[in-house]
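Reading through the structure tokens given below for one structure.
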Amino acid sequence: MDNGKLEVLHHGAVQGVTGSCHELRLNGAGILIDCGLFQGTERRDDLAIDFEIKHIKALVVTHVHIDHVGRIPYLLGAGFKGPIICSQPTALLLPAMLEDALKIGFTRDKKLINRVLKMLKFRLVPLPYGEWQPVAGSDIEVRLQRAGHILGSAYVECEAGGQRIVFSGDLGAPHSPLLIAPEPPEACDVLVMESTYGDRNHESRLDRRLRLKEAIEHALADGGTLLIPAFSLGRTQDLLYEIESLMAEFGSDAAAPGLPWNELEVVVDSPLAARFTGLYRKLKPFWSDEAKDRVAEGRHPLSFEQLTVVNSHRDHLNAVNYLARSRKPCVVLAGSGMCAGGRVVNYLKAMLGDPRNDVLFVGYQAEGTPGRDILEYGPQEGWVTLDDERFTIRARVHQVSGYSAHAGQEDLINFATGITPAPRQIRLIHGDAEAKAVLQARLGDLLPETDVVIGE
Ligand SMILES: [Zn+2]
């Protein structure tokens with residue numbers, strides 16, 4: 001290993017968009033930024049850590065999405081003994097996320113899960129935003145700043161050998177419900193930046209709440225249930241927050257014939273989403289000012305009166321049967337967000353055949369998922385395959401975009417060009433080839449002095 005040399009290495013997410021894991025190495029000692037799982041078409045069976053970790057002095061976690069933290073159990077299993085540095089909210093959310101990931105993808109052995117969680121809690125070092133932390137055993141210091149992506153998300157500033165290296169993690173966009181918008185770093189020599197949406201912008205985020213309102217009213221006009229497939233972390237809480245704000249603003253206006261907005265029933269059917277929503281409520285100090293103001297007004301953005309949480313599997317089956325038969329308008333949020341599994345599947349099976357019901361997609365639907373099939377082919381083909389069985393689609397299907405947790409192209413550009421003086425180098429990672437190439441060209445034009453490179 002080279003001594004006296006500063007290196008940035010990528011152990012994942014260079015070619016694809018999942019499995020984020022990067023290393024900053026100086027004088028033979030390194031730190032890892034994230035240790036994520038490969039997902040979707042990039043999925044691998046062998047998740048064992050395939051790089052040297054003896055010299056790794058710390059792991060810094062940007063946020064708790066599984067493509068950034070999913071391989072932490074394998075890192076611990078490989079003998080990693082260093083601290084896991086993360087923001088205070090992430091320290092609270094991470095054990096819940098990994099417990100669920102272990103149960104689904106790894107083992108049902110409770111003892112084993114508890115052992116991993118215990119190890120994890122012992123290693124977690126919650127670091128307040130904006131405070132420098134030296135990494136013992138290395139000449140590197142790290143500082144976390146808000147990334148505005150999900151609660152607790154951070155970008156990582158590293159001071160190493162007189163140079164400032166910034167790892168963006170996943171960046172969010174302004175106007176996110178609940179979250180404080182990210183600010184560009186004050187200084188930076190090398191910026192390692194995600195480029196998921198490097199080639200496109202999101203639909204306007206400012207009026208999406210009214211588009212959500214329209215979609216809900218339209219869906220509920222003929223009675224029946226509105227089903228919203230949603231990820232349990234982030235998206236579910238964003239939607240609850242928005243729905244509560246619609247209830248507060250439109251109170252006695254009709255959401256559906258004979259049903260005022262403030263009496264609209266909302267069901268969250270997901271134990272994991274319920275758990276994360278509870279943790280989000282505990283993390284109020286980290287909410288945006290707007291969200292805190294609502295709490296100060298006596299409102300409960302994530303636990304309003306009309307909200308019912310379904311936990312047990314039996315209650316879930318009861319809820320599916322009840323709602324499939326009843327003619328009472330109701331909004332149901334259930335995971336998974338792309339309908340590839342989870343409780344949303346039972347709702348779809350029970351409800352797709354009835355034209356009174358509606359499905360509303362608020363998130364990206366990846367190629368090959370039932371969500372994509374329902375959205376794209378459902379209207380023409382009139383059916384979708386769920387668990388190897390064909391289901392007729394008579395329910396109406398809607399989509400509201402603008403709820404992405406990721407920065408769009410302009411947001412990424414604003415982040416990079418907001419740094420003065422401009423970084424010496426920008427490395428684009430975590431995006432498909434097209435997105436990286438388009439962003440590389442844009443940044444190249446805007447920052448002529450900066451060397452904009454892709455991956456390594
Ligand atoms: Zn993420």
Side-chain angles (χ1 to χ4, degrees), residues 10-14 16-22 32-40 42-43 59-72 84 86-87 89-94 96-98 100-101 105 129 144-156 166-174 176-182 192-198 200 202 205 230-239 272-273 276 279-280 283 286 335-338 340 362-366 369 401-409 411-412 415 428-432 435-436 439:
H10 307 285
H11 301 300
V14 182
V17 293
T18 71
S20 193
C21 186
H22 312 286
L32 289 182
I33 316 291
D34 289 338
C35 195
L37 208 60
F38 304 91
Q39 290 182 303
E42 294 162 18
R43 200 176 213 126
L59 165 68
V60 185
V61 171
T62 62
H63 67 290
V64 307
H65 274 151
I66 211 69
D67 56 328
H68 291 256
V69 300
R71 282 208 291 173
I72 290 177
I84 299 176
C86 62
S87 73
T90 292
L92 195 65
L93 297 165
L94 187 57
M97 183 53 110
L98 286 184
D100 184 69
Y129 287 114
L144 304 176
Q145 303 286 6
R146 285 181 173 80
H149 172 60
I150 57 169
L151 206 57
S153 63
Y155 65 81
V156 188
V166 175
F167 293 85
S168 75
D170 284 353
L171 289 172
S176 165
L178 282 164
L179 302 183
I180 297 169
V192 181
M193 186 167 78
E194 68 122 324
S195 45
T196 314
Y197 284 93
R200 64 214 130 131
H202 300 308
R205 299 170 68 86
F231 293 109
S232 48
L233 174 62
R235 194 65 50 76
T236 292
Q237 293 77 28
D238 285 354
L239 287 168
L272 188 63
F276 281 132
L279 293 172
Y280 258 57
L283 291 165
F286 296 92
S336 71
M338 297 189 200
V362 289
Y364 173 71
Q365 303 298 311
T369 59
S401 58
Y403 276 97
S404 173
H406 275 276
Q409 187 194 51
D411 305 316
L412 293 171
F415 187 82
L428 300 177
I429 52 158
H430 216 290
D432 60 33
K436 284 180 197 159
L439 189 61

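Numbering of residues begins at 1 and proceeds along the displayed sequence. One-based numbering, in listed order, for ligands and for the atoms of each.
Every residue two or more places apart in sequence or in another chain that forms a side chain to side chain contact (heavy atoms under 4.5 Å, CB included) with Arg146 is listed here: Tyr129, Ile180, Phe286. Under the side chain to side chain donor-acceptor pair (under 3.5 Å) criterion, Gln365 pairs with no residue, sequence neighbours left out. Partners of Tyr155 under the ring-ring contact (aromatic ring centres under 6.0 Å, His included) rule, at least two apart in sequence or in another chain, are Phe415.
Heavy-atom minimum distance, Asp411 versus Ala173: OD2-CB, 3.3 Å.
Take the Zn ion (ligand 1) and draw a sphere of radius 2.8 Å; the protein N/O/S atoms inside it number 4.
When each of His149, His68, His10 is tested with His430 by the rule ring-ring contact (aromatic ring centres under 6.0 Å, His included), just one qualifies, namely His68.
Here OG of Ser87 is found 8.0 Å from CG of Leu93. Values are rounded to the nearest 0.5 Å.
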